[in-house]
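To start, the structure itself, in C-alpha cells.
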Amino acid sequence: MSARGRWSDLTARIGSALVLVAVSLAAILAGGIVFQGFIAVVCGAMIWELVRMLDPAMRGRALWLGLIAAIAVLVAVQLPALYSALLLLAVALAGGVVMPRGRVILVLYGALILLAGYEMIALRAVSMMWLFWLILVVIASDVAGYFAGKTMGGPKFWPRISPNKTWSGTIAGWIGAALVGLAFAVTRDLTLALVPFSMLVALAAQMGDIAESAIKRRVGVKDASALIPGHGGLLDRFDGMLGAALFVLLVGAWVGLPQGVV
C-alpha cells in the first residue's frame with residue numbers, strides 16, 4: 001500500500017475524533033443527568049447499530065430496542081449494583097428473544113454494551129479522575145496502536161478476524177497504556193500497580209475491538225454504520241472502550257482496583 005493510501009483516512013478520523021472528544025468532554029464535565037443521558041444515548045445507538053448489522057430486516061425494531069436499552073441504562077444507575085446488573089442482562093436477553101437471527105450475539109454483545117455503559121456512569125459518580133484514567137488508557141492504546149501498525153506493519157495479530165491489526169500495533173498499544181498508568185501513578189501519588197493494570201485494560205480494549213471485528217466479518221459488513229465520518233459507527237469507535245469498561249467493572253467487583261486509586 002502506498003503512503004498516501006495508508007494514511008487516506010487520517011483527516012476524517014482526526015476531524016471526527018475532535019468532535020467526539022469535545023462532546024464527550026462536555027458531558028463528562030457536566031456530570032449528573034447530562035452525562036448519564038449522554039451514555040444512555042450512546043448505548044442505545046450502539047444497540048441500534050448491532051441489531052441492524054445482525055439482521056437488516058429488523059431495521060424497524062432496531063430503533064425500539066435501542067430506545068429500550070437507553071432507558072434501561074438510565075434506570076439501572078438508580079438501582080443497587082446487583083439489581084442494575086440483573087436489569088441490564090434481562091434487557092439483553094429480551095432483545096435476543098425478538099431476534100430471528102443473531103440472537104446469541106445480540107444477547108452477549110448487547111450485555112457488554114449495557115454493562116460497559118453502566119460502569120462509565122458509575123466511574124464518573126465515584127471520581128472524574130478515575131474516568132479520565134480509563135478513557136486515556138483506551139485512547140493511548142488506540143492511537144499508539146494505530147500509528148505503530150501503520151508505520152511498522154509486520155506480522156498480523158489475528159488475521160482471520162482482524163486482518164489490519166499487527167503485533168507491532170498491539171504491543172505499542174500496551175506501551176501507550178502503561179505510560180498513562182505511570183503518569184497517573186506518579187502525578188496522583190498512586191501505587192505503581194496501576195501500570196500493569198493499565199496494560200491489562202488496554203488488552204481488554206483490544207479484545208473488545210476484535211470482538212466487534214468478528215461480528216462484522218460474520219455478517220459481512222465493513223462498518224457498524226455510517227454515523228461518524230472516518231470511523232464508521234459508534235460501535236466502531238467505542239468497541240475498545242466497551243471491553244475496557246467491562247474489565248474494570250469485573251475486576252472492581254471481584255478483587256478490587258489497585259490500592260490508592262481514587
Side-chain angles (χ1 to χ4, degrees), residues 9-50 66-67 69-74 76-77 88 109 112-147 173 176-177 179-181 183-184 187-188 198 201-202 204-206 208-209 211-212 223-249 252 261-262:
D9 62 341
L10 185 58
T11 300
R13 288 176 67 92
I14 291 176
S16 298
L18 290 175
V19 173
L20 284 172
V21 168
V23 173
S24 301
L25 182 59
I28 292 170
L29 294 176
I33 190 62
V34 174
F35 183 66
Q36 293 173 12
F38 171 71
I39 294 297
V41 169
V42 171
C43 288
M46 287 192 285
I47 293 293
W48 170 77
E49 289 178 338
L50 181 61
L67 179 61
I71 294 172
V73 171
L74 288 175
V77 297
L88 297 176
Y109 207 79
L112 168 62
I113 292 171
L114 298 179
L115 290 171
Y118 169 83
E119 175 64 3
M120 295 288 287
I121 295 173
L123 284 176
R124 174 61 181 85
V126 171
S127 167
M128 189 185 301
M129 293 308 301
W130 218 165
L131 179 59
F132 276 133
W133 163 80
L134 175 63
I135 293 172
L136 289 175
V137 164
V138 176
I139 290 176
S141 174
D142 187 41
V143 171
Y146 176 79
F147 283 102
L179 292 175
V180 171
F184 270 77
T187 60
R188 305 292 295 179
S198 297
V201 172
Q206 291 164 347
D209 188 352
E212 198 240 354
D223 296 315
S225 73
L227 288 177
I228 310 173
H231 290 285
L234 289 170
L235 276 174
D236 302 309
R237 180 62 276 166
F238 293 118
D239 49 5
M241 190 66 71
L242 297 177
L246 181 63
F247 178 76
V248 172
L249 173 65
V261 177
V262 295

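This structure is a prediction, so every number in the text was calculated from the model and none was measured.
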Given L25 and F132, is the side chain to side chain contact (heavy atoms under 4.5 Å, CB included) satisfied, shown in steps?
-> CA-CA 10 Å; L25 182 59; F132 276 133; 3.8 Å; yes
Could you tell me which non-hydrogen atom of A69 sits nearest to which non-hydrogen atom of I47, and how far apart they are?
-> CB-CG1, 3.7 Å
Got a second to check how far I28's CD1 is from L131's CG, nearest 0.5 Å?
-> 4.5 Å
Pairwise distance CD1(I39) to OG(S24) - rounded to 0.5 angstrom | 7.5 Å
Contacts of type side chain to side chain contact (heavy atoms under 4.5 Å, CB included), residue V77, not counting sequence neighbours | Q36, Y118, I121
Identify the two heavy atoms, one from I135 and one from M241, that lie closest to each other, and give their separation to 0.1 Å.
-> CA-CE, 3.8 Å
Decide yes or no for Y109 and L242: does some side-chain heavy atom of the first lie under 4.5 Å from some side-chain heavy atom of the second?
-> yes
Can you tell me how far CD of E49 sits from CZ of F238, rounded to the nearest 0.5 angstrom?
-> 10.0 Å
Side chain to side chain donor-acceptor pair (under 3.5 Å) between S198 and W133: does it pass, once the steps are laid out?
-> CA-CA 9 Å; S198 297; W133 163 80; 3.0 Å; yes
Can you find a heavy atom in the side chain of L234 that is under 4.5 Å from one in the side chain of W48?
-> no
Write down the atom of G173, the atom of Q206, and the distance for their closest heavy-atom approach.
-> CA-NE2, 4.1 Å
May I ask you to test the F247-L134 pair for a side-chain heavy-atom distance under 4.5 Å?
-> no
Could you tell me the separation between the CG atom of D223 and the CG atom of D236, rounded to the nearest 0.5 Å?
-> 5.0 Å
Would you say V42 and M46 make side-chain contact, with heavy atoms under 4.5 Å?
-> yes
Drop me the distance from L88's CG to I113's CD1, to the nearest 0.5 angstrom.
-> 11.5 Å
Please report the closest heavy-atom contact between V248 and E119, naming both atoms and the distance.
-> CG1-OE2, 3.5 Å
Shortest non-hydrogen contact from L74 toward A40 = CG-CB, 3.7 Å
Would you call R237 and D142 a salt bridge, taking side-chain N to carboxylate O under 4.0 Å as the test?
-> yes
Give the minimum heavy-atom separation between V138 and A244, together with the two atoms involved.
-> CG2-CB, 3.6 Å
Look up atom CH2 in W130 and atom CZ in R188, then write down how far apart they are to the nearest 0.5 Å.
-> 12.0 Å
